[in-house]
Structures are given as C-alpha cells and as structure tokens.
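Down below is the structure, laid out as structure tokens.
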Amino acid sequence: MPSLDCIIGLPGVELENAISLESIEVYATTSLRPPCIHCGGAKTRIKSSFTRRLNHTRQGNRLMVLFIRSRKFLCLLCKKYFNLRIPGVLPRKRSTESFRQEVYEKHHGGISQQFLSRTHGIGAATVERWYQDFTLYRVKELQGRPAPRVLGIDEHFFTRKDGFATTFCDLTKHKIYDVILGRSEKSLEKPLALVSEKSRTRLAVIDLSENYRQIIKKHFPNALIVADRFHVIRLINHHFLKAWQLMDSTGRKNRGLLSLMRRHERNLKTDQRSKLQSYLANYPTLLELYDIKQRLCILLGINTKKKFLLRVMIREFLSIINQLKETGMDSIRTLGETLDKWKEEIARMIRFSNSNGITEGFHTKMEMISRRAFGFRNFENYRRRVLAHCGWDGVFAIRN
Ligand SMILES: [Zn+2]
C-alpha cells in the first residue's frame, strides 16, 4: 500500500495493518536490501527476521508505536552479519528520529520534562538526554562555517566568576556566529585562529573599544571598522551631561530638564523647546555646547551613500571635533579627543547603515536562555545552547 506510506513517513517502510488500542499500534514491513555496512558488498543473504518496536510521533492524542518486521543479513563477501538500518531511525534507538525531534522541539518550546514523560511515554531523564543530543548535533553542523561578511562584535556579561564573554554576530544573516569567553586579546586569540575564510569579512561593527579594534585589524585584514551608532551617541550624551553638571549642578538634578536635554531637539514640542531655551539663556557657554551637541547628533543620525554629501558631512564632523577640542572644559575636550581617535570609524557610520542593534537583541535572547536554564556554570554548555538557538534557522533534516 504505497499511498499510505506517507502516514509513517519512513522511506522504504510499507504499512500493513494498524490497531487502535491505548496507543495506535502500526504493523509494517520493509523490503529494503542494502549493501553490506562493513565492506559495501552487494551480495547478501537474509539470515533471520525480527520485529523492531519503535515509538513514532503522536497521532491525535495517542502515541503511535511502530512494529516493523526487520531483517538480519549475512554478507557473502566478508561473511559478517549486520542488521537492517531503517532510514530515519538511528542504530540501537527505540524511537524514530521524528519522535525524538518532536520531543526536542516541545521541550525547547517550554514543555517540562515531567509533562513530556507523561504524554510521550518516556522518562524525564530521556528528555534531558535527547535535548542535549540534539543541541550538540546542531552545533556540530555549524562547525567550520566561513566568517560572516558583516560582523558585529560586542561584549556581554556571563557570570560573576568567569566575567564577560564576546559575541560575534552575523549581521547579514541575523544569526549568532559564535560566543567566546573573555574579551581580552589573549582570550580571543585561540578561538579566532580557528575561524575559516576570515578574509571575506568586509565590515565589522564594534563599540568604541580599543581592544576590539586591535583584534579586527589583526584577524580580519579586509574588514572596514564601523563604530556602533548607539555607543557613540551615548558617549556624546555622557560627556555633555558631565559638563552640564560642572556648570550647574542643581539644574542637572532637575528630572524634567534632564529629559529635555537628553532628547533630540526635533523631538521636542513647542512649549518644551521654549522652556529649554529660556533655561539655556542663563548659561551662554552651555547653550553653545548644546548647539554643538545637536549638530553632532543630527550629523551622526544621517545615513547616505552619495559621495558629494559624504564629503560635506565629514568636513563638518572634523570641524566639530576641532571645536570640541578647543573648549575650556575637560570633559568636552576628552570627548573631542576620543572622537578624534575614532574619527574614521565614526565617519563610516554615516556611509554604512549597519549597527549592533541585532547583536544587542541577541543579548536579550541569550539572557532568556540563561534564565530558563537557571544560569550556566559551564561556558561550553552555554555556548552550545546559544548556538543551537540563535545560530541558524529552526528546521533541520532528519538524521540517518
Ligand atoms: Zn561485507
């Protein structure tokens, strides 16, 4: 009955009969005659036959159990025995791969081991073992991938004992490429040496960290470094608010004013703008700084590929840096110097629209993974889990 085979979904297995009991018992047979698994010889003899009992998916609300008449062969060439390998079932397993995958996906979706052991007729420890097994399998498939074309690098907190970890994100595919424990050059050295095709990385987005800049220059020779927009704007705001604190410490503590100062001028309503202007009128130096900050933030918010516009904007950017460096205030001068040190990377921000927003989003997801596991002690386990969930698209082929 070949038309019914799709119900089982195992190639080469033919349905014979089905009995509906507490579980659905399906009887099937197979006429597969594979070559010898030891030597590949085609001449084989059927030695004996036996019935293989396999858990296989849930139909409706009941477990489907397969009873497949399987065979043991004798190879006439090498005189060795072997059992038939049914496609979609791993050797020595008492469940089909689709069943195991179903359990994996359900458990990943948040269904507890205890509940799954009740619905699927397996032990809680089995659920855990299968989950680990599939996670490892996924991570293995990801090994040896070429380096991403657009790379996002950022750090995130792992544990108090082990400190920080570095995330490498594929910004074109929106996937995590890898996570590595540590953020120093020394701790990243070894894992990065194993990455293949590093020369194909064209762009790398980082926050303003000297460490990461050195790492990219060393390991990704063809990558242009782009500063992350969020971190640059945050840096500007930070120094600006610090300067304000020195000029008027009581005004800085005013929550309403603080909120007005932080925002883009274009996002303020008319009455808010006039309120801010009347405050700034008392502090001419602050007003001057505020205007520079506005110009800078507007400039850095723009994204263009037109060469003419880019040239104009970069000139404007450099003049702002000089203005900042010439002010009498320490914190503003530091800002100017930092921007000067990173001027190429920041200027590229105007040309390229890539940012580490995707990486930060993944950090939230990784926090959730960690939270759901009640924290990780072993970094390798954490890495596996992250790669299995954030490293590639959901569905994967049934193993054979
Ligand atoms: Zn053989």
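Ion pair Arg138/Glu141 not flagged as a salt bridge, since none of the NZ, NE, NH1 or NH2 atoms sits closer than 4.0 Å to an Asp/Glu carboxylate oxygen. Under a 4.0 Å N-O distance rule, the pair Asp162/Arg377 does not qualify as a salt bridge.
Geometric assessment of Lys72 against the ring of Tyr81 yields a positive cation-pi assignment under the 6.0 Å and 45° thresholds.
Between the CG atom in Leu54 and the CD1 atom in Ile86 there is a gap of 6.0 Å [rounded to 0.5 Å]. To the nearest 0.5 Å, atoms CZ (Arg234) and CZ (Arg229) are separated by 15.5 Å. Taken to the nearest 0.5 Å, the OG atom of Ser95 stands 13.0 Å off from the CD atom of Gln101. Taken from OG1 in Thr119 to CZ in Arg62, the straight-line distance is 15.0 Å, to the nearest 0.5 Å. For the atom pair Lys175 NZ and Leu387 CG, the distance stands at 12.5 Å (nearest 0.5 Å). Remark: His156 NE2 to Met366 CE distance equals 3.5 Å, nearest 0.5 Å.
In this structure the side chain of Asn55 never reaches within 4.5 angstrom of the side chain of Thr96, judged on heavy atoms. With contacts defined as side-chain heavy-atom distances shorter than 4.5 Å, the pair Gln323/Arg295 qualifies. For the pair Val386/Phe362, no side-chain contact is recorded, criterion being any heavy-atom separation below 4.5 Å from C-beta on. Side chains of Ile206 and Trp342 form a contact here, defined as non-hydrogen atoms less than 4.5 Å apart. The shortest side-chain heavy-atom distance between Asp133 and Thr135 does not fall under the 4.5 Å cut-off. With contacts defined as side-chain heavy-atom distances shorter than 4.5 Å, the pair Leu300/Ile236 qualifies. Side chains of Ser23 and Met64 form no contact here, defined as non-hydrogen atoms less than 4.5 Å apart. Between Arg263 and Gln272, some side-chain heavy-atom pair lies under the 4.5 Å cut-off.
At least one donor-acceptor pair under 3.5 Å links the side chain of Gln294 to the backbone N or O of Glu265. Judged by distance alone, the side chain of Lys79 and the main-chain N or O of Leu76 form a donor-acceptor pair under 3.5 Å. In this structure, the side chain of Arg200 engages the main chain of Ala147 through a donor-acceptor pair within 3.5 Å.
Tyr290 and Leu258 fall within a single hydrophobic cluster, where Ile, Leu, Val, Met, Phe, Trp and Tyr side chains are chained together by heavy-atom contacts under 4.5 Å. Grouping the Ile, Leu, Val, Met, Phe, Trp and Tyr side chains by contacts below 4.5 angstrom, directly or via other members, places Leu289 with Leu335. Each of Ile314 and Leu309 belongs to its own hydrophobic cluster when Ile, Leu, Val, Met, Phe, Trp and Tyr are linked at side-chain heavy-atom distances under 4.5 angstrom. Transitive grouping of hydrophobic side chains (ILVMFWY, heavy atoms separated by less than 4.5 Å) brings Tyr283 and Ile332 into a common cluster. Cluster membership for Val312 and Ile302, using ILVMFWY side-chain heavy atoms within less than 4.5 angstrom, is not shared.
By the ring pair (Phe, Tyr, Trp, His ring centres under 6.0 Å) test, His238 pairs with no residue at all, sequence neighbours left out. Residues passing the side chain to side chain donor-acceptor pair (under 3.5 Å) test with Lys341: none are found, sequence neighbours excluded. With sequence neighbours excluded, the residues that form a side-chain contact (heavy atoms from CB on, under 4.5 Å) with Arg33 are Thr44, Ile46, Phe73.
Nearest approach of Ile216 to Ala223, heavy atoms of both residues: CG2-CB, 4.1 Å. Nearest heavy-atom pair across Pro148 and Thr201 is O-OG1, 2.8 Å. The minimum heavy-atom distance between Leu268 and Arg273, with the atom names listed, is O-NH2, 3.2 Å. Scanning both residues, Ala227 and Leu208, for their nearest heavy atoms gives CB-CD2, 3.8 Å. In terms of heavy atoms, Val205 sits closest to Asn356 at O-ND2, 3.3 Å. What you find for Leu84 and Ser70 is that their closest heavy atoms are CB-OG, 3.6 Å.
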For Leu188 and Arg183: C-alpha separation, side-chain torsions, deciding distance, then whether side chain to side chain contact (heavy atoms under 4.5 Å, CB included) applies.
CA-CA 7 Å; Leu188 298 178; Arg183 52 180 171 176; 5.6 Å; no
Please assess Arg383 against Asp178 for the test salt bridge (Lys or Arg N to Asp or Glu O under 4.0 Å), listing each intermediate value before the final yes or no.
CA-CA 8 Å; Arg383 178 177 166 266; Asp178 208 345; 2.8 Å; yes
Side chain to side chain contact (heavy atoms under 4.5 Å, CB included) between Leu77 and Lys43: does it pass, once the steps are laid out?
CA-CA 7 Å; Leu77 202 66; Lys43 278 199 168 176; over 6 Å; no
Would Asp170 and Val150 count as a side chain to side chain contact (heavy atoms under 4.5 Å, CB included) if you check the C-alpha gap in whole Å, the side-chain angles of each, and the deciding distance to 0.1 Å?
CA-CA 6 Å; Asp170 187 333; Val150 182; 5.6 Å; no
Candidate pair His120 and Glu102, rule side-chain hydrogen bond (donor to acceptor under 3.5 Å, both in side chains), full reasoning
CA-CA 10 Å; His120 284 69; Glu102 185 181 307; 2.9 Å; yes
Candidate pair Glu337 and Arg333, rule side chain to side chain contact (heavy atoms under 4.5 Å, CB included), full reasoning
CA-CA 6 Å; Glu337 274 154 19; Arg333 219 178 306 136; 4.2 Å; yes
Step-by-step side-chain hydrogen bond (donor to acceptor under 3.5 Å, both in side chains) determination, Arg145 to Ser196
CA-CA 7 Å; Arg145 279 174 306 166; Ser196 61; over 6 Å; no
Would Glu189 and Lys186 satisfy salt bridge (Lys or Arg N to Asp or Glu O under 4.0 Å), going step by step from the backbone distance to the final call?
CA-CA 5 Å; Glu189 183 79 47; Lys186 199 180 148 209; over 6 Å; no
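Side chain to side chain, His264 and Asn267 fail the donor-acceptor criterion of an N or O pair below 3.5 Å. A donor and an acceptor atom, one from each side chain of Arg71 and Thr30, are nowhere located under 3.5 Å apart. Side-chain atoms of Lys198 and Asn222 include no donor-acceptor pair closer than 3.5 Å. Of the N and O atoms on the side chains of Tyr279 and Asp248, at least one donor lies less than 3.5 Å from an acceptor on the other residue. Side-chain contact, Thr334 with Ser331: no donor N or O sits under 3.5 Å from an acceptor N or O. A donor-acceptor contact closer than 3.5 angstrom is absent between the side chains of Glu128 and His107.
Under the 30°/60° scheme for interplanar angles, the aromatic rings of Trp130 and Phe99 are found to stand perpendicular.
Note: His108 and Phe134 fail the aromatic proximity criterion, with ring centroids not under 6.0 Å apart.
Counting only residues at least two apart or on different chains, the ring pair (Phe, Tyr, Trp, His ring centres under 6.0 Å) pairs with a member in residues 24-58 are Tyr27-Phe67. Sorted by first and then second residue, the ring pair (Phe, Tyr, Trp, His ring centres under 6.0 Å) pairs with a member in residues 191-228 form an empty list; sequence neighbours excluded.
Cluster note: Phe157 groups with Phe164 through ILVMFWY side-chain heavy atoms spaced under 4.5 Å, whether in direct contact or through intervening members.
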